[in-house]
Visitor: 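For reference, the structure I am asking about is given below.
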Amino acid sequence: MLSISNISKSYGAIKALDDISFEVASGEIFGLIGPDGAGKTSMFRILATLLLPDQGAAKIAGLDVVRDYKALRHRIGYMPGRFSLYQDLSVAENLEFFAAVFGTSIEANYQLIAPIYDQLKPFKDRRAGALSGGMKQKLALCCALIHKPDLLLLDEPGTGVDPVSRKEFWDMLRDLRDGGLTILVSTPYMDEAALCDRVALLQNGRIMAMDTPEKITAAFSRPIFAARSADMYRLIQDLRAMPGVADCYAFGEFAHAVLDDRSLKSSDLLQYLQECGHTEVQVKNAEANIEDCFIELMKKETTHG
Amino acid sequence: MRTVFFLVQKEFLQIFRNKTMLPMILVMPVFQTLLLSFAANYEVKNLALSVVDHDLSPSSRQLTAKFEASPYFQLQGQYFSVKAADEAMAREETDIILEIPANYERDFIREGQAQLSLTANAINANKAGVGLAYAGGIAASAMDAPSLTVDNLWYNPRLDYKVFMVPGILGEIVSLIICFLTALNIVRERELGTIEQINVTPVKKWQFILGKLLPFWSLSLVMMTVGLTAGKLVFSIPIEGDIWLIALYTIAFAPTMLGLGFLISNFAQTQQQAMFTAWFFILIFILMCGLFTPLESMPEWAQWLNMLNPVKYFVEFMRLVLLKGAGLAEIGSNMLAVILYGLVVNGLAVYTYKKRI
């Protein structure tokens, strides 16, 4: 469906994308995972035919993003990271407008957007600018879908949206995928990465790893413990100094400690921390997730590269 | 064309929903026409006049009386020497000195004309110029010698300042507003990111641009109607020419300013940048359009440069048609220039508008 080969893009001296290649199969949700500034938005803008790559080529459904951009604009649905619909038009007016400029009508493709639009219907006369973050996102999705695209490009759809709406949104994406739509989505949230069929971890314009989320986490071989105490800052410093601990970083309300020494047990960490004078200490086993993998890969990149 | 229709429809929805847009379009032409016409007044009245009469004849006294009767002059004093009058001018007591030579009556009777000397305090050059022109007119009428000075003030017989200003101001305001509206409207879409959402649709460049121009194009006609009505009702400005010709010309002229706004928007990322760029041009256009200073008094190079000033054409047209009743034949070359200008500017705008970077 989507085939990207050796794409590079620079803004002056800054390399936003550095020799990126990957493929996305039909009917899959592919996630570009990376922090702000990793190059995700540049990648999306190239695929949305808004930005010209310096090098390399990208093909969507056999159409080249540079040469066949006119034909391609009928085939892709693009939802930028920032809400970009007309805030002074109502929900229904926005949808009608985008249907009209694509030469179609709401009725013609209503089936596709029905599950999403049904939730928006009570607000259809409300100005788009007055919607909540979650509702804005759903409206933007409807507008990106109204012309029945083959590929949906979603640039950081989760940003600025509450967790409940985010979960609903991902459920919708999965339904759309099951209906045969191919989706390329980017996110800085590691928990969203696990919801993709395949992900590419992006850092400084380069792909560090690409696979299914399960395989990426499975490749993380070292044991991880989650620890917490009353003084988290000192806890991280102390764990980093502990022999056998490779790395330690904040992870939600816990700190994740990655171990080199497989013989260490949670009780060893507990004892060590108590000896360091920590109170309210808690240590438990933890499963590696995408974020742990990302941090590990990122550290490798910076030490080797 | 269907796409253009939807783009225009969207634009009108937004215009009518914008709380400042409609008042700006309807109130600004009326308000500015009224305010500027009353305030930016060049009419000169009650000039302090000193008379140095060396002749002291019935004819010279008659001349002095004529000046006294005029609303433009107030007799400040009579002196017996030019030196004394000059001193009065130095003390700022007098604006204009009329010197009547000793053989005024004799020359007048014998040769039908006579020499007079007028001296004006030109610290305020405008006041001096207008004062001298008035004085010349009065002197000529006193001598009853039409060959000497022409005092037939054609097309504006009472030298009514408002009759001269209102058509020009209207032209200027309509030009200015539509240029600003277009530039700011497009840059606003860029600031909000909505332009990007449009760019990924199959909407073509010309469709997008036409979708932006048509609404403001029609608004220029609305503004013109509102402004002319206000001018007619409040100032009873003459509308000698064909009202349909004014509409036709407005339609031909508007794309120039619209295209200029569009061109500016292509080089601006924020509304602030667009605003300042537009002001840079508009200010030059307004000051050089012939509204406040006569075009003929500009140096030749500036007059050539002024060929690029669209507002000049509009102001010129408005005066020709409203005051003089010019028809299509008289304003044909003006209209052609404006249409050509519009084509070039819009061509540049389409060329520089990029859907992709």
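Numbered from 1 within each chain, the chains take letters A, B, ... in sequence-line order.
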Visitor: Verify the neighbour count for atom CZ of B/F280: are there more than 12 heavy atoms of other residues, nucleotides or ligands below 6.0 Å?
Guide: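 Count not over threshold, so no.
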Visitor: A/E93 versus chain B, heavy atoms under 4.5 Å apart: side chain, backbone, both or neither?
Guide: side chain
Visitor: Taking ring pair (Phe, Tyr, Trp, His ring centres under 6.0 Å) as the cut-off, I'd like each qualifying pair that reaches into residues 35-64 of chain A, sequence neighbours left out, listed once.
Guide: none
Visitor: Measure distances from A/F83 to the heavy atoms of chain B and classify the residue's part below 4.5 Å as side chain, backbone, both or neither.
Guide: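 The backbone, not the side chain.
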Visitor: Please report the shortest heavy-atom distance between A/S84 and B/T194, naming the atom on each side.
Guide: O-CG2, 3.2 Å
Visitor: In terms of heavy-atom contacts, does NZ of B/K232 have more than 12 from other residues, nucleotides or ligands at under 6.0 Å?
Guide: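 Correct, the count exceeds 12.
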Visitor: Which residues in residues 10-24 of chain A have any heavy atom closer than 4.5 Å to a heavy atom of chain B?
Guide: none
Visitor: Can you say whether A/F97 sits under 4.5 Å from chain B via the side chain, the backbone, both, or neither, judging by heavy atoms?
Guide: side chain
Visitor: Which pair of heavy atoms, one from B/V200 and one from A/Y78, lies closest together, and at what distance?
Guide: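 Answer, listing the atom of B/V200 first, then A/Y78: CG1-CD2, 3.6 Å.
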Visitor: Out of B/R17, B/K19, B/K10, B/R188, which one pairs with A/D88 under the salt bridge (Lys or Arg N to Asp or Glu O under 4.0 Å) rule?
Guide: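 Of B/R17, B/K19, B/K10, B/R188, salt bridge (Lys or Arg N to Asp or Glu O under 4.0 Å) with A/D88 is met by B/R188 alone.
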Visitor: Looking only at heavy atoms, which of residues 210-228 of chain B get nearer than 4.5 Å to chain A?
Guide: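 Listed by number: none.
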Visitor: Hey, is the main chain of B/V203 close enough, under 3.5 Å, to the side chain of A/R73 for a donor-acceptor pair?
Guide: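 The answer is no, because no donor-acceptor pair under 3.5 Å joins these two groups.
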Visitor: Is any side-chain heavy atom of A/E96 closer than 4.5 Å to a side-chain heavy atom of B/F6?
Guide: no
Visitor: Would you find more than 12 non-hydrogen atoms of other residues, nucleotides or ligands less than 6.0 Å from B/F12 atom CZ?
Guide: yes
Visitor: With a 4.5 angstrom heavy-atom cut-off, is it the side chain or the backbone of B/Q207 that approaches chain A, or both, or neither?
Guide: neither
Visitor: Measure the spacing between CZ of A/F98 and CD1 of B/I198 and express it to the nearest 0.5 Å.
Guide: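 Reported value, rounded in 0.5 Å steps: 4.5 Å.
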Visitor: Under 3.5 Å, is there a donor-acceptor pair between the side chain of B/Q197 and the main chain of A/M79?
Guide: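 Not at all, since once roles are kept as given, no pair shorter than 3.5 Å links the two residues.
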Visitor: Just grab all the side-chain hydrogen bond (donor to acceptor under 3.5 Å, both in side chains) pairs involving residues 149-162 of chain A, residues at least two apart or on different chains.
Guide: A/K40-A/E156, A/T41-A/D155, A/R75-A/D150, A/D155-A/S186, A/E156-A/T159, A/D162-A/S165
Visitor: Heavy-atom cut-off 4.5 Å, strictly under: side chain, backbone, both or neither for B/I195 against chain A?
Guide: neither
Visitor: Go through it in stages, so that I can follow the logic: the residues are B/L13 and A/L89, the test is side chain to side chain contact (heavy atoms under 4.5 Å, CB included), and I'd like the CA-CA distance, side-chain angles, deciding distance and then a yes or no.
Guide: CA-CA 8 Å; B/L13 264 177; A/L89 296 185; 3.9 Å; yes
